[in-house]
Structures are given as C-alpha cells and as structure tokens.
Amino acid sequence: MADEKKDVMLETMRHSASHVMAEAVQAIFPGAKFGIGPAIEDGFYYDFELPRPLVPDDLPTIEAKMKEIIASKSSFIREEVDKAKACQLFISQPYKLELIEELPGSTVTVYKQGSFVDLCRGPHVESAGDIKAVKLTRVAGAYWKGDEKCPMLQRIYGVAFNTKVELDNYLARLEEAAKRDHRKLGKELDLFSLHDEAGAGLVHWHPKGALIRHIIEDFWKVEHRKKGYDIVYTPHIAKVDLWKTSGHWDFYRENMYSPMDIDGQDYIVKPMNCLGHILMYKTQLRSYRNLPLRYAELGTVYRYERSGVLHGLARVRGFTQDDAHIFCRPDQIEAEVTEVVNLALFMMETFGFHDYELLLSTQPAKYAGTMQIWEEATGALRKVLENLKLKYEVDPGEGVFYGPKIDIKLRDALGRLWQGPTIQVDFNLPQRFDVNYIGEDGLEHQVAMVHRTVLGSMERFMACLIEHYGGAFPVWLSPVQAAIIPIADRHLDYAHKIEDELREHGIRVQVDDRSERMNLKIREAQMDKVPYMLVIGDKEMASSHVSLRMRTGEDAGSMAIAEFINRMISIINAKSPDEL
RNA sequence: GCCAGCGUAGCUCAGUGGUAGAGCAGCGGUUUCGUAAACCGCCGGUCGGUGGUUCGACUCCACUCGCUGGCUCCA
C-alpha cells in the first residue's frame with residue numbers, strides 16, 4: 001500500500017478514536033459539552049466542557065470505557081441532515097451549534113456510533129473495532145477556538161496506532177527523547193542553571209556551557225566579518241521615548257519591562273537591538289555608495305514572557321540574539337536577504353541541523369505601516385525563497401508588527417518546533433526614525449532595513465543543539481575534547497606530559513589524576529560525553545603511545561600521540577558534526 | 001496569563017496527621033587497579049516560602065514563588 005494512503009487511513013482511525021473517547025466521556029460525564037476532536041500527529045484530542053476539572057486519574061477510567069466501546073464494534077454511521085434538524089439534534093451543545101452556524105451550505109453531516117452523535121465531516125472507520133492501539137496521554141486546558149477570550153475547555157490528548165507494537169515503540173521513543181531533554185542534560189553535563197532566587201527565565205551559564213557558547217560566538221564573529229558585517233555593541237537600556245518613537249511602546253508593550261527612573265527620566269531595558277543600530281547609523285550622512293551597511297551584535301535583550309510559557313533555555317526572559325541590522329537601498333533587499341538566507345542555512349548545516357522548517361510569516365493583526373509597504377516587503381521575501389528554490393510554507397499573520405519575516409524553525413527532542421533564525425524586512429522603523437541615505441541623484445532616500453538572526457538566540461540555539469546531539473557534542477564544540485585517564489599514580493607524569501602536548505595544539509584536555517580506578521574514570525568521562533578517552537598505563541608509557549577509547553564505546557586501540565593529534569585536529573578543523 | 005499536575009539532602013527519589021529515609025554525590029581513610037560504578041566510615045534536610053486548621057502538619061486549607069504538560073503568545 002502506498003504510504004500516503006496508509007497515512008490517510010491512520011489519520012482516519014485517529015479521528016475515529018477521538019469520537020470513541022467523546023462517547024466514553026459522555027457516558028462518564030452526562031451533560032458534557034463537546035468542542036472539537038481532530039486527529040493530530042501520532043494521535044488525537046477532544047475538547048470538553050465538563051462539570052468538574054479532570055485529573056490524571058480520570059484517564060484510565062475513560063480509557064477503560066473506550067476499550068468497552070471498541071470491543072462492542074459499534075458502527076460509524078454517516079448521515080446528512082439539514083441545518084435545522086442538526087440544530088435540533090445538538091440543542092444542548094452550544095459549541096456544536098456555533099460550528100453549525102459557521103458552516104457553509106444548508107446541510108451538514110453527522111456521524112453516529114453507539115450512543116454518541118457528532119457533527120463531523122468525516123471520514124471515519126467502519127466500526128469502533130477498527131481502532132487498534134490507543135492510549136490517553138494527558139489532560140490540558142485549551143481555549144475554545146484557540147482564543148484567549150473564549151472559555152477554556154478541557155482537552156484530553158491520546159495517541160493511537162495500528163498495532164500495540166507501534167504504540168509501544170512510540171512510547172519507548174518518547175522515553176528516549178526525554179533523555180535528550182536539554183533541561184536534564186544541562187544539569188547532568190553542568191552546562192547552565194536557572195534559579196528561583198534569581199527569577200524565572202534567567203539563565204546562568206556554567207563554565208562548560210559558557211565555553212560552548214564562546215566557541216559558537218567566535219565562529220559566528222569570524223563568519224560575519226567574512227560576510228561584510230561590522231560587529232558593534234549597544235547599551236542595554238534606553239530612554240522610553242526612543243521606544244515610543246519606534247512604535248514598540250504601542251505594539252510591543254506587553255513584552256517590555258516597566259520603566260525605571262533615572263534622574264527623573266524613564267528608561268527601559270531593551271527588548272530588541274535595532275534602535276541602537278539605527279542611532280549609530282544616523283551619526284553620519286550616509287551615501288548610497290556606503291550601502292549596504294551591516295551592523296551585527298550579540299545583543300542581550302529582555303522580554304516579558306508570560307509565566308506559563310517559559311521552558312528551560314528555549315523560552316526565557318533574558319537572552320542574547322545573534323542579531324544584525326542591514327541598512328540598504330530598496331533595490332538591494334533581495335540580494336541581501338538572499339545572502340542572509342544562505343548564511344542561515346550554512347549555520348544550520350555547520351551545526352548539523354537537517355530537519356528544520358522554513359516559514360514565510362505575513363502581516364499580523366497589529367501592525368505598523370501601510371498595506372502597500374507590507375505587500376512589497378512580503379513579495380521581496382517570497383521572491384528570495386522562490387529563487388533559491390527552497391521549500392517553505394506561509395504562516396499567515398505571524399509577522400512582527402514592523403514587517404514580514406522568514407523564519408527557520410528547529411525541532412526539539414520531542415518534535416516541538418522552536419523558531420531559530422529569522423529574517424525580517426522593515427520599512428517602518430526607517431520611516432519613524434527618518435533613516436536615510438543620499439542617492440546618486442543627490443537627494444535623500446529612505447533606507448530599507450533587514451533585521452536578522454542566523455542562529456536565533458544563544459539560549460534557544462543551545463537548547464536545540466543539546467537536544468539534537470543528546471549532549472554528545474561534535475568534537476569542535478565539546479567543552480572537554482579528550483580525557484586522559486592514567487591507570488595508576490605512576491602514570492601521572494606521563495599523563496601530564498601528554499596533556500601539555502595536546503594543550504599546545506589547542507586541544508581542550510583534562511587529566512583525571514584522582515586516585516580512582518580506571519573504570520570509574522572511564523565511566524565518568526563517558527557520562528560527560530567526552531569524545532575521546534586516552535587510557536594511559538605501563539604499555540603506553542613504554543611505547544610513547546596512547547590507548548584511544550571513543551565515547552561510542554569503541555576501542556580504537558593504541559596509537560602514537562602525534563597520530564592522535566593529527567586525527568583530532570583534522571576533525572576539529574572540519575567542524576565535523578558527527579565524526580569522531 | 002489560563003487549565004491540570006508537581007515542589008522532601010547537591011542530584012535521583014521513598015515517606016497518606018504523631019517532630020524525616022535510601023542510592024548517588026561530598027568529606028576522611030584503605031586500595032594503585034587495563035576500557036561504564038573498589039571497600040569502610042562520616043557529614044548532610046526550619047520537607048519551596050508565608051499564613052491558617054489541629055493537642056500535634058512534610059502530610060489538610062489559603063495565598064505566594066518556582067517547575068512540568070498543554071492553551072494563548074514568541075528568539
């Protein structure tokens with residue numbers, strides 16, 4: 001069977017499972033009101049309004065009821081009814097009535113199975129007996145129609161597969177993914193911490209995490225200089241008036257922290273880096289000959305994020321964007337954006353990310369500027385993506401208030417998407433701040449501005465990196481690249497001699513000179529995911545060799561020190577994502 | 001922010017109204033060892049915080065801080 005057809009069948013089964021769950025809920029909670037219950041990746045959900053909050057203990061009860069229904073093999077029966085009749089049918093179901101009203105046409109379809117009738121387009125499986133392996137996974141609150149202003153319903157999530165084996169595999173996969181969670185690994189590998197005492201969403205980078213960040217930042221700086229960026233620094237606070245001029249005060253206030261009083265003036269902590277760059281641009285009269293001008297900054301910003309959305313390093317309240325603002329002529333936008341997209345893709349490639357999504361985000365509900373400007377900017381972005389022949393999707397209404405954007409989203413261990421690199425065209429700020437250049441014609445023209453990151457933020461990028469590699473970083477990024485493990489104290493001198501030699505080649509190395517057994521030292525180096533372990537004993541000392549063990553567990557045998565160094569250096573220089 | 005759950009030693013976790021327990025880590029010894037945990041001993045907690053109920057609270061209640069999974073929102 002073709003995969004596509006299989007997928008459709010699986011999706012149908014999952015959707016039917018949601019109906020069966022609804023029937024079970026109806027049986028247990030008479031008077032339940034029903035929202036919607038679609039199939040989703042790996043399973044399904046259904047939203048309910050219930051007389052009491054669900055607790056996790058309710059899930060087994062509902063699941064047991066579902067199994068009864070499935071065992072009864074009751075048939076799914078499709079029926080087309082006119083809207084009047086449907087309204088009659090769902091007289092006590094306000095959410096369904098709302099849906100009926102919104103549906104086009106004069107008739108709607110309903111599906112019945114057992115005692116449950118649902119408004120539904122279908123299709124469904126023939127009978128409840130076709131639903132094979134199901135498990136309810138969690139309860140959650142969810143706004144009706146996904147709108148904060150609507151009432152919150154209770155959502156039950158479930159997963160469903162064709163066989164018990166597939167379900168078990170899925171659950172095992174989740175367990176494996178949990179081991180790669182950056183919050184867990186961050187602690188285990190001593191990379192970073194967050195503290196109640198300091199405040200939620202504020203990251204403390206420990207030496208090893210900070211070291212990785214430094215390596216990434218150094219690499220980032222080198223690549224940016226190569227690409228014609230000027231690296232700058234700007235202050236972390238600025239007068240609130242600046243943010244009023246920019247429009248942030250109107251359009252972005254909910255994400256900004258309250259002003260602080262300095263000498264009777266209100267200042268705020270910056271939520272974005274752009275304004276400083278604009279001020280710098282405006283310190284001189286700029287000629288068209290000087291454009292594009294590219295100001296890059298690893299700029300730390302602070303944004304208020306609602307408490308429920310914080311997540312390890314991936315969603316925090318203080319973070320450092322690998323930001324840059326390109327000031328150019330409108331006719332240069334396309335070329336500049338193309339270069340940026342290429343740079344972002346190069347970064348993804350270098351860090352080993354292959355599974356990402358490209359999105360074109362269009363005009364949001366709250367926006368600054370005119371429709372025409374938005375259309376032009378969106379068109380320019382689209383054209384770049386088309387020309388580069390990249391696969392992308394449109395994310396309607398997801399642009400920033402000042403312009404449309406191209407986003408690259410990365411997956412975490414559990415498959416959740418996180419926005420990383422972003423490229424945003426902006427005609428708004430140049431207008432508000434009167435950012436100009438002198439054209440060939442000797443007249444002033446407004447510049448076009450491109451805001452962009454090619455990693456996203458150091459925090460979120462680190463989170464994705466940790467999860468992508470499960471903490472086993474590529475050699476060039478590993479905080480400790482080689483652990484030297486002397487077997488007995490008499491090997492210490494030789495171990496330190498090798499340490500010096502590796503260090504001279506710029507290799508990050510650590511001698512485990514504790515009076516512990518070799519097995520323990522290997523175990524700990526292994527758990528720290530150190531790529532190379534150099535075991536040193538009598539044999540190695542006598543032959544001036546090292547015995548190389550990889551973190552994969554592979555014993556690469558004995559080799560001369562120079563040979564090991566050469567091998568390492570070439571892997572480090574290549575920034576090889578996987579090779580050891 | 002909203003819904004639900006959770007918060008016990010540095011970490012992972014037991015402990016369902018009668019003033020806290022394990023393993024690992026740490027510290028002190030002994031051991032000098034060939035590819036993922038040597039052995040012995042010791043230290044360690046105002047049970048997230050504040051208030052309340054109770055003769056008595058880690059346990060029940062309220063508020064608060066934080067965390068987890070969703071929703072909404074975002075780098």
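Keep in mind the model is a prediction, meaning the values are calculated, not measured. Quick note: numbers below take in every heavy atom, side chains included, and nothing from hydrogens, waters or symmetry partners. Every chain is numbered from 1 and lettered A, B, ... according to where its sequence line falls, protein lines coming before strand lines.
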Item to check | Nearest-angstrom distance, P atom, B:rG48 to B:rC58 | outcome: 10 Å
Checklist entry - Taking the same atom, P, in B:rA9 and in B:rG45, what whole-Å distance lies between them? => result 10 Å
Checklist entry - Atom CG of A:Leu310 and atom P of B:rC71: how far apart are they, to the nearest Å? => result 16 Å
Next on the checklist: Taking donor-acceptor contacts at under 3.5 Å, does the side chain of A:Glu540 reach the base of B:rG34?
Outcome noted: yes
Item to check | Pairwise 5' ranking along RNA chain B for A:Tyr157 and A:Asp196, keeping only the more 5' one | outcome: A:Asp196
Next on the checklist: Check the phosphate of B:rU12 against A:Lys187, side-chain N and O only, distance under 4.0 Å to OP1 or OP2. Yes or no?
Outcome noted: yes
Checklist outcome for this item: To the nearest angstrom, the CG-P distance between A:Leu414 and B:rG69 comes to 8 Å
Checklist entry - Is A:Arg155 touching bases, backbone alone, or none of the nucleic acid, heavy atoms closer than 4.0 Å? => result sugar-phosphate
Checklist outcome for this item: So OG1 of A:Thr320 and CD of A:Glu217: to nearest 0.5 Å the spacing works out to 7.0 Å
Next on the checklist: Under 3.5 Å, is there a donor on one side chain and an acceptor on the other for A:Trp144 and A:Glu49?
Outcome noted: no
Checklist entry - Base, sugar-phosphate alone, or nothing: which one does A:Glu305 contact when heavy atoms must sit under 4.0 Å apart? => result base
Checklist entry - Across the strands shown, which category fits A:Gly420 at heavy-atom distances under 4.0 angstrom: base, sugar-phosphate, nothing? => result sugar-phosphate
Checklist outcome for this item: Against the side chain of A:Ser457, the closest entry in B:rU35, B:rC71, B:rA75 is B:rA75
Checklist entry - Mind checking whether A:Ile406 and A:Leu358 have side chains closer than 4.5 Å, heavy atoms only? => result yes
Checklist entry - In this structure, are over 12 heavy atoms from other groups packed under 6.0 Å from A:Lys135 atom NZ? => result no
Checklist entry - Rounded to whole angstrom units, what separation is found between the CG atom of A:Leu359 and the P atom of B:rC74? => result 13 Å
Item to check | Side-chain H-bond candidate by donor/acceptor type, A:Gln424 with A:Thr422, under 3.5 Å | outcome: yes
Checklist entry - Is there a donor and acceptor pair closer than 3.5 Å between the side chain of A:Arg306 and the base of B:rU72? => result yes
Item to check | Per A:Asn519 side chain, nearest of listed nucleotides B:rA75, B:rC74, B:rA36 | outcome: B:rA36
Item to check | Protein-nucleotide distance (A:Arg514, atom CZ; B:rG29, atom P), rounded to Å | outcome: 16 Å
Next on the checklist: By the 4.0 Å heavy-atom rule, please label A:Thr453 as base, sugar-phosphate, or nothing.
Outcome noted: nothing
Item to check | Watson-Crick or G-U wobble partner of B:rU30, both distances under 3.5 Å | outcome: B:rA38
Item to check | Candidate nucleotides B:rG34, B:rC33, B:rA75, ranked by approach to the side chain of A:Arg490 - the nearest | outcome: B:rC33
Checklist entry - Can you tell which of B:rA36, B:rA4, B:rG34 lies closest to the side chain of A:Pro53? => result B:rA4
Next on the checklist: Parallel, tilted or perpendicular, judged at 30° and 60°: which one describes the rings of A:His325 and A:His451?
Outcome noted: perpendicular
Next on the checklist: Taking donor-acceptor contacts at under 3.5 Å, does the side chain of A:Arg460 reach the base of B:rC74?
Outcome noted: yes
Checklist entry - Taking atom types as they are modelled, is there a donor-acceptor pair under 3.5 Å from the base of B:rU32 to the side chain of A:Asp489? => result yes
Checklist entry - For A:Gly141, which contact category applies under a 4.0 Å heavy-atom criterion: base, sugar-phosphate, or nothing? => result base
Next on the checklist: Should the side chain of A:Arg317 and the base of B:rC74 be counted as holding a donor-acceptor pair, with the cut-off at 3.5 Å?
Outcome noted: no
Checklist entry - Can a side chain N or O of A:Arg549 be found less than 4.0 Å away from OP1 or OP2 on B:rA36? => result yes
Checklist entry - Within this structure, what is the CG-to-P distance between A:Asp42 and B:rG70, rounded to whole angstrom? => result 13 Å
Checklist entry - A:Ser515 side chain: which of B:rG34, B:rA36, B:rU31 is closest? => result B:rU31
Item to check | Proximity to the side chain of A:Leu520 - top-ranked nucleotide from B:rG69, B:rA37, B:rU72 | outcome: B:rA37
Item to check | P-based separation of B:rC6 from B:rC61 [nearest Å] | outcome: 11 Å
Checklist outcome for this item: Picking from B:rA75, B:rG69, B:rG34, the nucleotide nearest the side-chain atoms of A:Lys405 would be B:rA75
Item to check | Side-chain donor/acceptor of A:Lys521 to backbone N/O of A:Pro486, under 3.5 Å | outcome: yes
Next on the checklist: Determine whether the aromatic ring of A:Trp418 stacks with the base of B:rA75, defined as ring centroids separated by less than 5.5 Å and ring planes inclined by less than 30°.
Outcome noted: no
Checklist entry - Which one, B:rU68, B:rA75, B:rU35, comes nearest to the side chain of A:Ser547? => result B:rU35
Checklist entry - What integer distance in Å separates A:Asp190:CG from B:rC24:C1'? => result 16 Å
Checklist entry - On a whole-Å scale, what distance lies between the C1' atoms belonging to B:rC65 and B:rU53? => result 23 Å
Checklist entry - Given the P atoms of B:rU8 and B:rU54, what is the spacing between them in whole Å? => result 29 Å
Checklist entry - When rounded to the nearest Å, what value does the distance between C1' atoms of B:rA14 and B:rG7 take? => result 15 Å
Next on the checklist: On the nucleotide B:rG1, are OP1 or OP2 found under 4.0 Å from the side-chain N or O atoms that A:Ser307 carries?
Outcome noted: yes
Checklist entry - On the ring face of A:Phe44, is A:Arg14 found with NZ or CZ under 6.0 Å from the centre and within 45° of the axis? => result no
Next on the checklist: What's the gap between B:rG18 and B:rC3 when it is taken at their P atoms, as a whole Å value?
Outcome noted: 33 Å
Checklist entry - Base, sugar-phosphate, or nothing: which does A:Ala142 touch, judged by heavy atoms less than 4.0 Å apart? => result sugar-phosphate
Checklist outcome for this item: Of the listed B:rU32, B:rC71, B:rA38, the closest approach to the A:Tyr143 side chain comes from B:rC71
Checklist outcome for this item: When rounded to whole Å, the CG to C1' distance for the pair A:Leu59 and B:rA4 reads 11 Å
Next on the checklist: Need the pair for B:rG7. Rule: Watson-Crick or G-U wobble, both distances under 3.5 Å, any strand; none if unpaired.
Outcome noted: B:rC65
Next on the checklist: Donor-acceptor pair, distance only, cut-off 3.5 Å: does the side chain of A:Gln154 make one with the backbone of A:Arg52?
Outcome noted: yes
Next on the checklist: Counting only Watson-Crick pairs (N1-N3 plus N6-O4 or O6-N4) and G-U wobbles (N1-O2, O6-N3), all under 3.5 Å, who is the partner of B:rC73?
Outcome noted: none
Next on the checklist: Categorize A:Glu188 for me: base, sugar-phosphate, or nothing, with a 4.0 angstrom heavy-atom threshold over every strand shown.
Outcome noted: nothing
Item to check | Distance between P atoms of B:rC74 and B:rA62 (Å, rounded) | outcome: 34 Å
Item to check | Donor/acceptor link under 3.5 angstrom from A:Arg551 side chain onto base of B:rA36 | outcome: no
Checklist outcome for this item: Under a 3.5 Å limit on both distances, the Watson-Crick or wobble mate of B:rC60 is B:rG52
Next on the checklist: Pick the closest RNA chain B nucleotide for A:Glu554 and for A:Leu54 by heavy atoms, then say which residue is nearer the 5' end.
Outcome noted: A:Leu54
Checklist entry - Do the side chain of A:Tyr304 and the base of B:rG1 come within less than 3.5 angstrom through a donor-acceptor pair of N or O atoms? => result no
Checklist entry - Once you round it to whole Å, what is the distance between P of B:rC40 and CZ of A:Arg517? => result 14 Å
Checklist entry - Just checking A:Ile487: base, sugar-phosphate only, or nothing, at a heavy-atom cut-off of under 4.0 Å? => result base
Checklist entry - How far does CZ of A:Arg315 sit from CZ of A:Arg303, to the nearest 0.5 angstrom? => result 9.5 Å
Checklist outcome for this item: Among the nucleotides B:rC71, B:rA38, B:rU35, whichever has the atom closest to the side chain of A:Val309 is B:rC71
